[in-house]
Peer 1: 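Quick one: the structure is below, and I'll ask about it shortly.
Values below: all heavy atoms of this structure, side chains included; hydrogens, waters and symmetry mates excluded. To find a chain, count down the sequence lines: A is the first, B the second, and so on, and within it residues start at 1. Treat the numbers as computed from the prediction; the structure is a model and nothing was measured.
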Amino acid sequence: MKTKEFIVTAIIIVVLLLCKFVLPKPIQFSPTISWIVTILLGLVFAFIFYLTIKGKPVERRIVFLLVGISLVVPFFMQFKLPLKISPEVQQVYDKLASLPPGSKVLASFDYDPPSAPELQPMAEAFVKYAFEHDIKIIMMGLWPQGPQQANQAVEAAFEENPALRDQVKYGVDYVNLGFQSGNEFVVLRMGESFKSMFPSDLNYTPYDSIPLLKNVSNFSNIDWSINFSAGKPGTVEWIQVAVDRYNLPMSAGNTAVQAPMVYPYLNAGQLLGLMGGMSGAAEFEKLTNLPGKATTFLLSQTFAHVVVILFIIIGNVAFLRSRKETK
Amino acid sequence: METFGIWLAALLTIGIISFLYKDNVLYKACESIFVGISAGYWFITYYWDNLYRKFYLGVTDMDNPHRFFLWIAFALGVMMLTRLIGKIGWLSRWPLAFIVGATAGLYMMTYFVSNAFVQVGATIKLPPDFGSVGSYISFGMIALGTFSGLVYFFFSKEHKGVFGGTAKLGIWFLMVTFGASFGYTVMSRMSLMLGRLDFLFGEWLGMIN
Amino acid sequence: MLNRVLLLCLALVWTVSVSVTAQDVAEGGIDTLSLPLPAPAQNVVAANHVYDDGEVIDVNWDKSPDDPENILGYIVYRAETDGAFDSIRTLLPGETFFSDDNVEDEIPYKYQIGVIGENGVSLSGESELAVATWELFNFGMWNTFLWMFVFCGSVIGFIISAKSGRKLYIRKIGGLEALEEAVGRATEMGRPILFIPGILDMDDVQTLAAITILGKVARVVADYDSKIRMPVSRSLVLTAARETIKESYTSAGRPDGYNEDMVQYVTDEQFGYVAAVNGIMVREKPATCLYLGAFFAESLILAETGNSIGAIQIAGTARPGQLPFFVAACDYTLIGEELFAASAYLSEDPKQLGSLKGQDVGKVIAMFGLLVGTAAMTLSVAWQVPATQWILDLMNNLFTTN
Amino acid sequence: MKREIPIAITFIVGTVFALAYFIPREPFSLFERQFGDWFGIIAAFAIWLGALNLMKISAMKIARKKPDFIYASLIILSFLVMIFFGFYEGYKGLFAEPQFSYRDAGTGFNWLYEYVYSALSATMFALLAFFVASASYRAFRARNLEATLLLIAAFFVMLGRVPVGDMLTTWMPIGYTMSDWANWIMSVPNTAGQRAIMIGIALGLVSTSLRIILGLERSYLGGE
């Protein structure tokens, strides 16, 4: 048993090192190979289906391995996927597009690196779009790591479009107020005065000496706000305090887990538009015409969903059959 | 240092993923490092954000007319530490009572307004795109679903007869809600794994374009 | 004395500002001859910001017709009744609103808006005088107050009526009926009970609910003389949970059975905590796992691991996103409100049960609102029944915040 | 006395904080705004209790030479390393010109955060992808009508949120493809269900809070 584990470990290390140092990079499958790989995966599922129905369900590890493969393989494929825009995302975009140049937008980055795969693409597309359309962004975070994510989004925008680097000025076109602890109480106090909560920005520049903030004392001076949220504190807290008590117009980008909980607020008009998860991000990237990571990952995402659905179907068909037999 | 960091992160990532195969030495080590590092991280964050920024900077800011209040919080915090001294440990109930009372009082209002009051109001308001038969059906279904869901939660009556039927309808709505949540959760979890795989195969191995 | 000094200062400020303003106007005046000034802003309206502490006056105006092409921005000027205008803020083009939060209450102010052009500033007319007044009570929220009053009143009313001996009927709640049985099973098997109070701190009401349920569970545990294990992820919860369990053991008459190590802190970090709890589950194989409180992504890991060790699992949370996993993997799940009802239900104390009745009154109000509102809406939209319109308006007034 | 005073504190603080919602005048409006700070300060003291508890348990494991004492020492070591950088760089940054924060890019604390903490927590988080898949294969069964409804809704949502759903239903009339169904489920039945849950929760929460404020729930305060 021990030797077997040792061999497995050794093989994994060798394969990884080979990938790192020997393999030509980057790897891309031609369409034919992509199709062949997809069909092979399908055959594996057919086999699992057969086994499960025969009453020999496969081990957990096989399931894990299959999920892993179907997430990784699409990285190297090049299928083009048509994407339909959902009304919630359209609403976010319409709101953003309707802002005249010079409008001030408050963007709260309430997430940390683990949730970045879903939210960072939205943030990047938003920042890029805002910079290109002369919309001013006031950034902040209710999560300690939020402001760093904001800076990364700005950096990504500059890398994508180097012309922006000269065009967009810190302090004039955007500002990063940083993080402040206190969850919804931060929002509550911002309702009275931003300055009381953020005496200085992330770089320790005093609030009053930042040109963009000259006329910003509280939410009443903000034209629109967007909130990228991965949990608590996040969109719900912003709605409860900033929207319900201070009438801040707000849209949100949420991790997919959070999104269903936010729909009632959307229907009630407390929230103006919602981007949910990676597919929401991909739709937003399409609308803003700034394809990024979410668009790239859409294929992997699709594969993953299909795999989970297949597992549910296989499990249930076997379950229904066995129930029929016992009857 | 950055290259080393990426290699270390890759090792830790693989260490955690290896749990899927079997509980093993590498995973246990990663887990312990994780517990220690994260406890330290939060300890430091609390120290700088709360004790330093909120308390120390607050009370030394002579323009702050409310700095006196911060001393109350400080005193309550110190009372918390009396737990370490057995005899007067009961003093720690004061800060606890304070926090519990304030939480109860505050959330009572915010939840009542945002989650009950406004939601009832929103259900009986016309949606902006109202007009078609479809939108009327949607409007009616939301009202019906909310209503029957509330019937399900009703405690004073046995779920029988018409009442039981409505409660049944309510649980159906709840189940569809859970299904939607489940679908979205799958989407979210897969995205997170994609993020890690992107790190391994893209940032570390450089295999992705 | 002080008054005189103040007056003197005011006079000084006044003289300086008058001379400055005069200069501005004079320069502007000269420039006008050669180059045109931008069109001024119109309809400047200043008004008290209602329902605050007398701190804010809101100023609104209509944009200058030259905005945004030919102007550089706006200047807000403010003056007291007979005083001179001082510029208090410069704004970017496109602005039509300014909240002046630097006012003394009970002092009237008037405002004027200047439009900055390339060649100078053109001034609007003066606004009427406005006074920032404070209000003791936010009457904008009268309906919230009304419903809160009715709801809390009925909760308290039922508690009082229960106290006076009236019998109250509460239907059976599945998960809670099973709780005692689950504790009993753990005792029989000689294995511990695992209690997870969620991962949020004491400032979340779900955690409070979990801790109050813990009190009842620990009481049963103490009665049966079985063991309870409780790893927590927050230090305040650690303290509260210890007090709670201690109290339960004391009231069960077995204070010696209590041991501080029943509750243990792990880390504030979500997954660090979950990793450790997983370890405890696999090593100690609790017979019963209770997950009550605020849960996030860890719900699935916990429920799956609990399933794999064959424990009876009872879960309860008000986080809808996590409910599907609990519903699929646990034996019983308390959905949303049932979590909050649990502690009252378990105590079988008539006073506590009274509060559940009060909750039902709240639901009746909500259902009544839904029913009347949708009916009135249907009648007025589909058949244009005029009489229903005022019912609709009434309902909207009753259930809308300002 | 050991119980009466805390109960009185809960009652007074709770009532004042609830009423403050309707009273815009100081000091009421102030309480609400300051609570975040107060809570933070108290929690910052409380975390000492937690940290000491963690250290005590780990140290006991080492002292008793339990088989996993290596892991216990890893916990202590990594905790201390993080604390060291946090304090050292925090104070260094405070007196440096220009000031910097221990969280800024380039500090050791941030390095540990980025390459150790983030990597670990993100991967732990991501493991859920695999657990979700295995749960779908084993646990999500159409046992009864309710469970079936759950699965059907999940099916539509999962397929409707990725392009393949629409590709499979191109034969449906426009406006009735998979993504439209998913949108409808999200915005109608989901909204209704969420709303029922939300209203219920809010009422339960208010009544629990009320019981706490009135002192009917007080087990968290312990005994005499």
Peer 1: Heavy-atom distances under 4.5 Å only: say whether C/Ala318 touches chain D with side chain, backbone, both or neither.
Peer 2: both
Peer 1: Below 4.5 Å, heavy atoms only, C-beta onward: do C/Lys363 and D/Ile199 meet side chain to side chain?
Peer 2: no
Peer 1: Using a 4.5 Å cut-off on heavy atoms from C-beta on, say whether the side chain of C/Val205 contacts that of D/Ser209.
Peer 2: yes
Peer 1: Quick one, D/Leu54 and C/Thr267 - any side-chain contact, counting heavy atoms below 4.5 Å?
Peer 2: no
Peer 1: Measure distances from C/Arg234 to the heavy atoms of chain D and classify the residue's part below 4.5 Å as side chain, backbone, both or neither.
Peer 2: neither
Peer 1: For C/Tyr249, which atoms come within 4.5 Å of any heavy atom of chain D: side chain, backbone, both, or neither?
Peer 2: neither
Peer 1: Report yes if some heavy atom in the side chain of C/Glu304 is under 4.5 Å from a heavy atom in the side chain of D/Ser134; otherwise report no.
Peer 2: yes
Peer 1: Are the side chains of C/Tyr265 and D/Leu49 in touch, meaning some heavy atoms are under 4.5 Å apart?
Peer 2: no
Peer 1: In terms of heavy-atom proximity below 4.5 Å to chain D, should C/Asn307 be classed as side chain, backbone, both, or neither?
Peer 2: neither
Peer 1: Can you give me the closest heavy-atom contact between D/Met124 and C/Phe271, atom names plus distance?
Peer 2: CB-CB, 3.6 Å
Peer 1: Tell me, for C/Thr239 versus chain D, whether the close heavy atoms (under 4.5 Å) come from the side chain, the backbone, both or neither.
Peer 2: side chain
Peer 1: Using heavy-atom distances under 4.5 Å, tell me whether C/Ile159 contacts chain D through its side chain, its backbone, both, or neither.
Peer 2: side chain
Peer 1: Between D/Ala46 and C/Ser235, which heavy-atom pair has the shortest distance, and what is it?
Peer 2: O-CB, 3.0 Å
Peer 1: Where on C/Leu300 is there a heavy atom nearer than 4.5 Å to chain D: the side chain, the backbone, both, or neither?
Peer 2: side chain
Peer 1: For D/Leu203 versus C/Gly362, what's the shortest heavy-atom pair and its separation?
Peer 2: CD1-C, 3.6 Å
Peer 1: Do C/Phe325 and D/Phe131 come within less than 4.5 Å of each other through their side chains, counting heavy atoms only?
Peer 2: no
Peer 1: Quick one: what part of D/Ile57 sits under 4.5 Å from any heavy atom of chain C, side chain, backbone, both or neither?
Peer 2: side chain
Peer 1: For C/Ala297, is it the side chain, the backbone, both or neither that has a heavy atom under 4.5 Å from a heavy atom of chain D?
Peer 2: both
Peer 1: Mind checking whether C/Met148 and D/Tyr21 have side chains closer than 4.5 Å, heavy atoms only?
Peer 2: no
Peer 1: What part of C/Ala344 lies closer than 4.5 angstrom to a heavy atom of chain D: side chain, backbone, both or neither?
Peer 2: both
Peer 1: Go through it in stages, so that I can follow the logic: the residues are C/Glu260 and D/Lys56, the test is salt bridge (charged side-chain N to carboxylate O under 4.0 Å, His left out), and I'd like the CA-CA distance, side-chain angles, deciding distance and then a yes or no.
Peer 2: CA-CA 12 Å; C/Glu260 281 236 314; D/Lys56 185 182 130 197; 5.4 Å; no
Peer 1: When rounded to the nearest 0.5 angstrom, what distance separates CG in D/Leu205 from CZ in C/Phe340?
Peer 2: 4.5 Å
Peer 1: Between C/Ile156 and D/Leu214, is there a side-chain heavy-atom distance shorter than 4.5 Å?
Peer 2: yes
Peer 1: So, taking the atom named CG in C/Leu238 and the one named CD1 in D/Ile47, what distance separates them when rounded to the nearest 0.5 Å?
Peer 2: 11.5 Å
Peer 1: Contact part of C/Asp201 toward chain D, heavy-atom cut-off under 4.5 Å: side chain, backbone, both or neither?
Peer 2: side chain
Peer 1: With a 4.5 angstrom heavy-atom cut-off, could you sort out which part of D/Phe39 is near chain C: side chain, backbone, both or neither?
Peer 2: side chain
Peer 1: I need the minimum non-hydrogen distance between D/Gly200 and C/Glu337, along with the two atoms involved.
Peer 2: O-CG, 3.2 Å
Peer 1: About how many Å separate CZ of C/Arg242 and CG of D/Asn53, when rounded to the nearest 0.5 Å?
Peer 2: 5.0 Å
